[in-house]
Q: 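Mind looking over this structure? Questions follow.
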Amino acid sequence: MPLEVIRGESRNRLVAQKLVTQVEACVEEGTLYLGYPILATADERVEIDALLASQSHGLVAFLLADSTPNCNDKWQEVIGEQDRLFNVLDSYLSRHQGLRIGRKLAVTPATATVFPAPPTSERLENSDGFYGTFDEIGSWIKSLRSIDSSVQFSLQAALQRVATIKPAKKRISVTQNNSRGAILKKIEREIANLDHWQKAAAIESPEGHQRIRGLAGSGKTIVLALKAAYWHSQHPDWQIAVTFHSRSLYQQMEDLITRFAFEHTNDTPDYDQLKIMHSWGSRNRPGVYSTIADILGATPRDWSYARGKYGTDKAFAGICRELLPIAQVRQVEPVFDAVLIDEAQDLPSEFFQLISLFTKHPKRIVWAYDELQRLSESAMPTTKELFGTVSGDMGSINLNNSGDEPRRDITLPVCYRNTPWALATAHAIGIGVYREEGLLQHPDNPELWRDVGYSKVDGDLIQGSNVTLERSDSSYPQYLSELLDPNDAVIVKCFEEQAQQDAWVADEIRKNLADEELEHDDILIVLPDPYQARSRAMSLGQHLRCHDIDFHLVGVNTSVDEVFKKDSVVITHIFRAKGNEAPMVYAIDSQQAAGGSNAVTRRNSLFTAITRSRAWVRVVGWGDRMRLIEKEIATIHRSGFRLKFTIPTADELAELRNLRYDRSDEIEASLQQATQGLSAFFEAYERGELSLDDLPPAIRTKLVQSVQRAYRDAYR
């Protein structure tokens, strides 16, 4: 692989580019990091201007001097800086077992100080390292010794701060060679080195906006956590906000950022400066929206108010829209130096516009999203639609990449979490590739398929063309093909009734735990309907209890921010599953994805459930509708997990979008009015102020009959 240059923050980009030119002339492979994150020991913090990791030349750390030493005192100062750099590098690398051979490091760091001009006095004797000009650096680099390829692999993991991602699990109970637990142990032994695009996304920091796109499991959350820790170490005085849609991401995001920040600074992050905040917030934990509302002197709206006034899908957009005119007419004092946004596909443009108003110039706003994964009916807005016209420069957001600048638009095409077979299944179900009635949705730009790791088997990626796609070999780690069987990675089951489904799931989990050496927190059960989650968890739980399997429902038996518990199988609805993952996933009641209103939302929910899996997924359901899903997945299997369909024309895309928004304004108004009335009744019901008996008998009877009919239809 040729030399790749990762452009982080540099004190002087022109000088840094001069170093790039010299290194590119003499180094053919490896990675050159500009503005490498701060390194720290218990005693000191050291900044590195550039760092080269190359199998041919080892590890080289560069300091780019502002001036040339002209006396002994200056030489002492320069040599002291380089000695500190060596010592902190040596101390940092010593923490990593993969970089040790016995008592010694497998790689000895080389250090270099590069001057703008030749020194006018001789260097002091007995000083190690390189001290010279840009013209001399090339020949010195060529003289350095190479390192073993296995050492290079471990070195990259250490430098990219991903060694701490390796699972803490030892899996000491694994005794069989080919059990699921043994397979997981082999998968988890692989060091997840960041790929080229992930490294760029984590460290490269343009002045202004940056967009990161990638599939579920491509590393977007890890990249944002790394970037947050990187910025926090470089600028401890900055107010940084990290925000997301799913509250269940709190636990994962805080864990990642804490570990990465410790790698940078040898200390825990200052969470008064680096704030992990839900997009909305709650009564007990402020979010970005509630913080902005407080600053504006407005009352933060809660879920009951927002849902009652704007409906479930538009609740958050509605309350953000309420704040915008207040913010626009006031003299807003921006509070954030940088904002990082995960799950951007599930957040409304009004939220982005508020963030833009409250972020300081030059608007360091980074948003990561999966354009093919949404839990609502709407499509991902364009950048202009996302930020609107809340400030004068919003119409000129620059996302163009330039060769010698940090990248502003990065796509992560490799999926590390999902198997290629699960991902192809999820996409086929999500857009309706093998649905009898045809496609339900499709990205506006067909080239997006190539960007997210699909290769073309037949046809062309143009509107109106028949095309056949498959996951490219480079879009997933090859060890997945070596360790997993496609026919076992994705299994679909259809049952006659709910009880049969639940009994089968419980028995399979018994086998997972007793025979296949999985652990409780290796398993995730995903429910499609948040409103039925509590009752469905209880009915499924009865079958689990028959096998003495402990379980918990997120947000009921645990806090909404805690998903996995030791020795307990997690059950959660789709909105709380999002952002989390497990080796074995059971997507139950999957018949809900077929038919009914909000068809795109239902399909997107099943897509999200399937893409929670790291190794195996079981798509299960019951009734006539499940037979439709079973038929589609069977077709996916027979096709060799290829997607074969006709790309919609522009007119067909418009028609697909219109099908989602065919309600008139009058119907929408009636729906909102009915929602408000029902919300008010059930809030009073939960407070004990009203009961069902308080409703007129005719209305009570109709309500009960309607709910029963809707429930039967949903689960048929």
Side-chain angles (χ1 to χ4, degrees), residues 216-217 221 245-249 251-252 343 346 370 373-376 417-419 422-423 425-427 429-430 489-495 498 501-502 504-506 508-509 512 518 520-541 543-544 549 551-558 560-565 568-594 598 601-622 625-626 629-630 633 714-715:
T221 298
H245 171 73
S246 303
R247 289 190 62 182
S248 55
L249 262 182
Q251 183 182 15
Q252 181 184 0
E343 305 181 309
D346 292 320
D370 177 358
Q373 179 188 204
R374 291 181 66 80
L375 290 179
S376 69
R417 177 170 69 215
N418 307 131
T419 68
L423 200 55
T425 300
H427 282 134
I429 290 293
V490 182
I491 289 178
V492 58
K493 287 283 186 180
C494 177
F495 299 89
Q498 177 184 300
Q501 170 201 248
D502 292 358
W504 183 86
V505 169
E508 287 295 301
I509 291 175
N512 297 156
L518 293 185
H520 288 74
D521 55 0
D522 290 327
I523 301 168
L524 176 65
I525 302 173
V526 184
L527 301 164
D529 186 353
Y531 301 104
Q532 297 288 338
R534 188 175 300 214
S535 61
R536 284 298 290 115
M538 293 305 296
S539 57
L540 175 60
H543 294 274
L544 293 170
I549 299 172
F551 67 94
H552 62 279
L553 177 62
V554 178
V556 176
N557 308 111
T558 67
V560 294
D561 303 332
E562 182 184 9
V563 177
F564 295 97
K565 286 175 61 179
S568 179
V569 172
V570 59
I571 303 175
T572 184
H573 63 67
I574 191 64
F575 289 98
R576 287 180 178 156
K578 198 165 182 300
N580 291 279
E581 60 187 56
M584 174 67 78
V585 168
Y586 290 89
I588 72 171
D589 296 343
S590 295
Q591 73 280 351
Q592 287 205 33
N598 299 327
T601 297
R602 291 167 179 262
R603 293 257 171 176
N604 287 347
S605 294
L606 183 53
F607 171 96
T608 301
I610 294 171
T611 57
R612 299 309 93 203
S613 63
R614 289 213 316 265
W616 307 279
V617 60
R618 306 297 181 244
V619 183
V620 296
W622 53 277
R625 288 186 177 180
M626 187 59 202
I629 298 297
E630 183 183 41
I633 295 181
Y715 288 95

Q: Distance from R614 atom CZ to L524 atom CG, nearest 0.5 Å?
A: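 Reported value, rounded in 0.5 Å steps: 11.0 Å.
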
Q: To check you understand the geometry: which heavy-atom pair defines the closest contact between A489 and T419, and what is its length?
A: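 Distance-wise, the nearest heavy atoms are CB-OG1, 4.2 Å.
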
Q: Would E581 and R417 pass as an ion pair if we require N to O under 4.0 Å?
A: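 Looking at E581 and R417, the cut-off is met.
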
Q: If you round to the nearest 0.5 Å, how far is CG of L540 from CZ of F551?
A: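 With rounding to 0.5 Å, CZ (F551) is 7.5 Å from CG (L540).
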
Q: Using modelled atom types and a 3.5 Å cut-off, is there a donor and acceptor pairing between side-chain atoms of E343 and backbone atoms of H245?
A: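 Here the side-chain-to-backbone pair exists.
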
Q: Nearest heavy-atom pair of W622 and Q591: which atoms, and what distance?
A: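 Minimum heavy-atom contact is N-OE1, 3.1 Å.
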
Q: If we only count heavy atoms from C-beta on, is the N580 to F564 side-chain gap below 4.5 Å?
A: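 Yes, at least one pair of side-chain atoms sits under 4.5 Å.
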
Q: Identify the two heavy atoms, one from S590 and one from A587, that lie closest to each other, and give their separation to 0.1 Å.
A: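 Shortest heavy-atom separation between S590 and A587 comes out as OG-O, 2.8 Å.
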
Q: On a heavy-atom basis, which atom in A609 and which in V585 lie closest, and how many Å separate them?
A: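 Distance-wise, the nearest heavy atoms are O-CG1, 3.5 Å.
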
Q: I'd like to know if the side chain of D522 and the backbone of L518 have a donor-acceptor N/O pair within less than 3.5 Å.
A: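 Pair absent, no side-chain N/O of D522 close to backbone of L518.
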
Q: Could you tell me if the side chain of I571 sits less than 4.5 Å from the side chain of V554, heavy atoms only?
A: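 SC-SC contact between V554 and I571 ruled out.
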
Q: Kindly write out the residues that satisfy side-chain contact (heavy atoms from CB on, under 4.5 Å) with A426, not counting sequence neighbours, or none if the list is empty.
A: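 side-chain contact (heavy atoms from CB on, under 4.5 Å) list for A426, sorted by chain: F607, I610, T611.
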
Q: How many angstroms lie between OH in Y586 and CD1 in I509, if you round to the nearest 0.5 Å?
A: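 Separation between the atoms: 5.0 Å.
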
Q: Can you list the residues that meet the salt bridge (Lys or Arg N to Asp or Glu O under 4.0 Å) rule with E630, with sequence neighbours excluded?
A: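 E630 satisfies salt bridge (Lys or Arg N to Asp or Glu O under 4.0 Å) with no other residue.
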
Q: Is there side-chain contact between I629 and L606, with at least one heavy-atom pair below 4.5 Å?
A: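 Yes, at least one pair of side-chain atoms sits under 4.5 Å.
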
Q: Kindly compute the distance separating CD (E508) from CZ (R618), expressed to the nearest 0.5 Å.
A: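 Taking CD in E508 and CZ in R618, the distance rounds to 7.0 Å.
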
Q: Is any side-chain heavy atom of D529 closer than 4.5 Å to one of D589?
A: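 No. Closest side-chain heavy atoms not under 4.5 Å.
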
Q: Rounded to the nearest 0.5 Å, what separation is found between the OG1 atom of T221 and the CD atom of Q252?
A: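 These two atoms lie 5.5 Å from each other.
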
Q: Determine whether V619 and I633 make a side-chain contact, defined as any pair of heavy atoms from C-beta on separated by less than 4.5 Å.
A: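 Of all side-chain heavy-atom pairs linking I633 with V619, at least one is under 4.5 Å.
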
Q: Given side chains that start at C-beta, do those of L553 and R534 come closer than 4.5 Å, heavy atoms only?
A: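 Yes, close enough: below the 4.5 Å cut-off.
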
Q: Which pair of non-hydrogen atoms, one from S539 and one from D502, has the smallest distance, and what is that distance?
A: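 Here S539 and D502 meet closest at OG-OD2, 3.9 Å.
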
Q: Taking side chain as C-beta onward, heavy atoms only, is F495 less than 4.5 Å from M626?
A: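 No, every pair of side-chain atoms sits at 4.5 Å or beyond.
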
Q: Main chain of S613, side chain of N418: is a donor-acceptor contact present, judged purely on distance under 3.5 Å?
A: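 Checking the backbone N and O of S613 against the side chain of N418, a donor-acceptor pair under 3.5 Å is found.
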
Q: Measure across G430 and R603 and return the closest heavy-atom pair with its distance rounded to 0.1 Å.
A: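 Where G430 meets R603 most closely, the heavy atoms are O-CB, 3.7 Å.
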
Q: Apply side-chain contact (heavy atoms from CB on, under 4.5 Å) to the pair M584 and N512, showing each step before the final yes or no.
A: CA-CA 9 Å; M584 174 67 78; N512 297 156; 3.9 Å; yes

Q: Strictly distance-based, threshold 3.5 Å: is any side-chain N or O of S246 a donor or acceptor partner for the main-chain N or O of L249?
A: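 Absent.
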
Q: In terms of side-chain heavy atoms, does S568 have a donor or acceptor partner in H520 at a distance below 3.5 Å?
A: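 On atom types as modelled, these side chains do not qualify, holding no pair under 3.5 Å.
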
Q: Under the 3.5 angstrom rule, does the side chain of R602 hit a backbone N or O of Q592 as a donor-acceptor pair?
A: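 At least one qualifying donor-acceptor pair exists.
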
Q: Any side-chain heavy atom of I588 sitting closer than 4.5 Å to one from W504?
A: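 No, side chains not in contact.
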
Q: Report the distance from atom CH2 of W616 to atom CD1 of I523, rounding to the nearest 0.5 Å.
A: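 Spacing of CH2 (W616) from CD1 (I523) equals 10.0 Å.
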
